[in-house]
There are 2 protein chains.
Amino acid sequence: MSITADLIRGHTDTIILAHLLHGNSYGYQINKAIQDKTAGQYELKEATLYTAFRRLEAAGYIYSYWGDEMTGARRRYYSITPTGREAYFRMRAEWEEAKTTIEKLLEDNDHGR
Amino acid sequence: MSITADLIRGHTDTIILAHLLHGNSYGYQINKAIQDKTAGQYELKEATLYTAFRRLEAAGYIYSYWGDEMTGARRRYYSITPTGREAYFRMRAEWEEAKTTIEKLLEDNDHGR
DNA sequence: CAAAGATACCTTGACAGGCGAGGTATCTTG
DNA sequence: CAAGATACCTCGCCTGTCAAGGTATCTTTG
């Protein structure tokens, strides 16, 4: 969790969409996957996660359905829509752009003095 | 301004500090410099800028003083403090880390399926 | 010289996303 | 059976961004 909230802000949606690209999943698993991927360096807070699901579903980027688990706690599965896929690629492109811009602005450049 | 606010969020302070590294400056000029650097792709909104100045000053990262212009509108100059310098380098390091993390999480990786 | 535009500062209030804190229910393990 | 993991959820606060509005001075232009 060493990464501050404001730096990750705005990426939550894209991160979730990225995980749904290869197949349907449910909240708890997505969160686990993220922790694994970043070696515990970052975790979506549950409240953040579920807020994001609502937002993404309202936007038509994902849809959800209850799993038919015979055992264990019930799970709500999420699936990415074609629109969601498009959104993902658009958001990634935006990130690439933003990255360059931020990089430029954070530089400690001393040119001309 | 093609870059969305949420992606830049949290970088405002670092951007300002970066600009003050090479010398004192005032709000209007800093904003102009940012627009030039990004070829108009991004501009800090004034309200954001001045909020940030207050925040940075309260944190002891910068201090301000009124310029003694004999002509033109009055200018409030800002100067970075040693603590501010430290903060800048720390924030840059955080950005480097965050970047890697975000990159990892946004990947469209299909490994293992 | 008046109007328009640039320079330069500032505040208020709304909004959105993140998240701490709290809650529910089920299954597994010691 | 208690503890911990799995799995879901909501409420209300906090913080950073920014649209909209304001002030004052100087320069340019018709």
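On a predicted model such as this, the values are computed, not experimentally measured, just so you know. Convention: sequence-line order gives letters A, B, ...; per-chain numbering from 1.
- In this structure, B:Leu56 places its CG atom 15 Å from C1' of D:dT17, rounding to the nearest Å.
- The distance between atom CZ of A:Arg9 and atom P of D:dT15, rounded to the nearest whole Å, is 12 Å.
- Among residues two or more places apart in sequence or in another chain, the ring pair (Phe, Tyr, Trp, His ring centres under 6.0 Å) test is passed with A:Tyr63 by none.
- What separates CZ of A:Arg55 from C1' of C:dC19 is a distance of 12 Å, to the nearest Å.
- For A:Tyr28, the ring pair (Phe, Tyr, Trp, His ring centres under 6.0 Å) test picks out no residue, with sequence neighbours left out.
- For A:Arg55, the side-chain hydrogen bond (donor to acceptor under 3.5 Å, both in side chains) partners are A:Asp13, not counting sequence neighbours.
- With rounding to whole Å, B:Leu49 atom CG is found 15 Å from D:dG16 atom P.
- Summarising the geometry, the separation between CE on B:Met91 and C1' on D:dG16 is reported as 13 Å, rounded to the nearest angstrom.
- Under 4.0 angstrom from either OP1 or OP2 of C:dG17 there lies no side-chain N or O belonging to A:Thr48.
- Residues forming a side-chain hydrogen bond (donor to acceptor under 3.5 Å, both in side chains) with B:Glu103 (at least two apart in sequence, or on another chain): A:Trp95, A:Lys99.
- Here C:dG18 presents its C1' atom at 13 Å from CG of A:Leu7, a figure rounded to the nearest Å.
- Atom C1' of nucleotide D:dT15 and atom NZ of A:Lys45 are separated by 15 Å, given to the nearest angstrom.
- Under 4.0 angstrom from either OP1 or OP2 of C:dG18 there lies at least one side-chain N or O belonging to A:Thr12.
- Ring geometry for A:Tyr77 against A:Tyr26 counts as perpendicular: the plane angle is over 60°, on a 0 to 90° scale with 30° as the lower cut.
- Among residues two or more places apart in sequence or in another chain, the ring pair (Phe, Tyr, Trp, His ring centres under 6.0 Å) test is passed with A:Tyr78 by A:Phe53.
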Under 4.0 Å protein heavy-atom contacts per nucleotide of nucleotides 4-12 of chain C, with B for base, S for backbone only and - for none: ---BBBBB-
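- In this structure, the CG atom of A:Asn31 is 13 Å from the P atom of C:dG18, given to the nearest Å.
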